Amino acid sequence: TQGDPMGTFLYSLAIHDVLREATVLFEDVLIAAYADDLLTFGEPLRALQAWKWIRVELRKIRLDFKEAASEAWSPSPVDLAVVAEMEAEGIRLQDPHTGFHVLGTPVGRDDWAHQQLEDLCRDRRQALATIAVMGAGPTQDGLLRYCANTWVQHLGRTCPADVASA
């Protein structure tokens with residue numbers, strides 16, 4: 001249930017066997033999930049097949065993942081039949097010159113990902129500068145606590161080392 005502290009844990013337990021079996025059946029596809037976000041990485045047709053298989057198996061146990069947020073990206077051209085199948089499933093194929101975000105981390109062309117990170121850092125610096133001019137007090141303390149979350153640590157762990165150190 002949304003908002004229930006045990007919800008994500010119980011959902012993760014429920015989908016575990018399906019994901020484990022998928023990794024055996026689709027050993028050439030990297031399958032990752034975080035709560036109801038499902039990621040399948042690999043050759044486009046095989047990644048799509050794994051995505052569809054997981055969806056069918058989860059529906060058998062009356063569960064779903066967040067299909068509405070499904071995106072695909074490939075740095076190389078994707079066969080038109082695969083593109084049509086993705087579109088039929090509601091999967092948005094991203095421009096090969098850009099990328100997409102995986103759990104908040106930009107994944108795609110190096111220049112695009114780098115620009116995404118630069119924009120994000122600039123926005124965060126601007127927010128911190130605004131908080132700094134407020135002066136000391138409960139409002140500033142509250143805003144700093146709100147802004148000082150684990151997002152930066154998450155981004156540091158999920159970015160390639162050369163991007164994170166730039």
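Keep in mind the model is a prediction, meaning the values are calculated, not measured.
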Can you find a heavy atom in the side chain of Trp51 that is under 4.5 Å from one in the side chain of Leu38? yes

Could you list the donor-acceptor pairs under 3.5 angstrom formed by side chains in residues 81-90, with sequence neighbours left out?
{"unit_1": "Glu85", "atom_1": "OE2", "unit_2": "Lys52", "atom_2": "NZ", "d": "2.6"}
{"unit_1": "Glu89", "atom_1": "OE1", "unit_2": "Arg55", "atom_2": "NH1", "d": "2.6"}
{"unit_1": "Glu89", "atom_1": "OE1", "unit_2": "Arg55", "atom_2": "NH2", "d": "2.9"}

Indicate, with yes or no, if Tyr34 and Leu10 share a hydrophobic cluster defined by side-chain heavy-atom contacts under 4.5 Å among Ile, Leu, Val, Met, Phe, Trp and Tyr. no

Side-chain heavy atoms under 4.5 angstrom apart, residues restricted to Ile, Leu, Val, Met, Phe, Trp, Tyr: same cluster for Ile61 and Phe9? no

Closest approach of Ile54 to Ile31 (non-hydrogen atoms, all atoms of both residues): CD1-CG2, 3.9 Å

Once you round to the nearest 0.5 Å, how far does CG of Leu58 lie from CD of Glu67? 9.5 Å

Cut-off 3.5 Å, no hydrogens considered: what does the side-chain donor-acceptor table look like for residues 13-23, sequence neighbours left out?
{"unit_1": "Asp17", "atom_1": "OD1", "unit_2": "Arg20", "atom_2": "NH2", "d": "3.0"}
{"unit_1": "Thr23", "atom_1": "OG1", "unit_2": "Arg20", "atom_2": "O", "d": "2.6"}

Applying the 4.5 Å side-chain criterion to the ILVMFWY set and letting contacts propagate, would Val29 and Phe41 be lumped into a single cluster? no

Hey, could you give me each pair passing side-chain hydrogen bond (donor to acceptor under 3.5 Å, both in side chains) that has a residue in residues 71-81? Not counting sequence neighbours. Glu71-Gln94, Ser74-Ser76

Sequence neighbours left out, what passes salt bridge (charged side-chain N to carboxylate O under 4.0 Å, His left out) with Arg122? Give chain and number order. Asp119

I'd like to check Trp53 versus Glu57 (side-chain heavy atoms, cut-off strictly below 4.5 Å). Are they in contact? yes

Cluster check Leu30, Leu25: I/L/V/M/F/W/Y, side chain < 4.5 angstrom: no

Please report the closest heavy-atom contact between Val107 and Trp112, naming both atoms and the distance. O-CZ3, 3.6 Å

Got a sec: does the CZ of Arg59 have more than 12 other heavy atoms crowding it under 6.0 Å? yes

Who are the salt bridge (charged side-chain N to carboxylate O under 4.0 Å, His left out) partners of Asp111, not counting sequence neighbours? none

I'd like to check the ring-ring contact (aromatic ring centres under 6.0 Å, His included) partners of Tyr11; sequence neighbours left out, ordered by chain and number. none

Taking only residues two or more places apart in sequence, or in another chain, which ones meet Asp28 in a salt bridge (charged side-chain N to carboxylate O under 4.0 Å, His left out)? Arg46

Heavy atoms of Thr40 and Ala47 approach each other most closely as OG1-O, 3.2 Å

Contacts table for residues 95-102: side-chain donor-acceptor under 3.5 angstrom, sequence neighbours left out:
{"unit_1": "Asp95", "atom_1": "OD1", "unit_2": "His97", "atom_2": "N", "d": "2.7"}
{"unit_1": "Asp95", "atom_1": "OD1", "unit_2": "His97", "atom_2": "ND1", "d": "3.1"}
{"unit_1": "Thr98", "atom_1": "OG1", "unit_2": "Asp95", "atom_2": "O", "d": "2.9"}
{"unit_1": "His101", "atom_1": "NE2", "unit_2": "Gln116", "atom_2": "OE1", "d": "3.3"}

For the CG atom of Asp37 and the CZ atom of Phe65, what is their distance to the nearest 0.5 Å? 10.5 Å

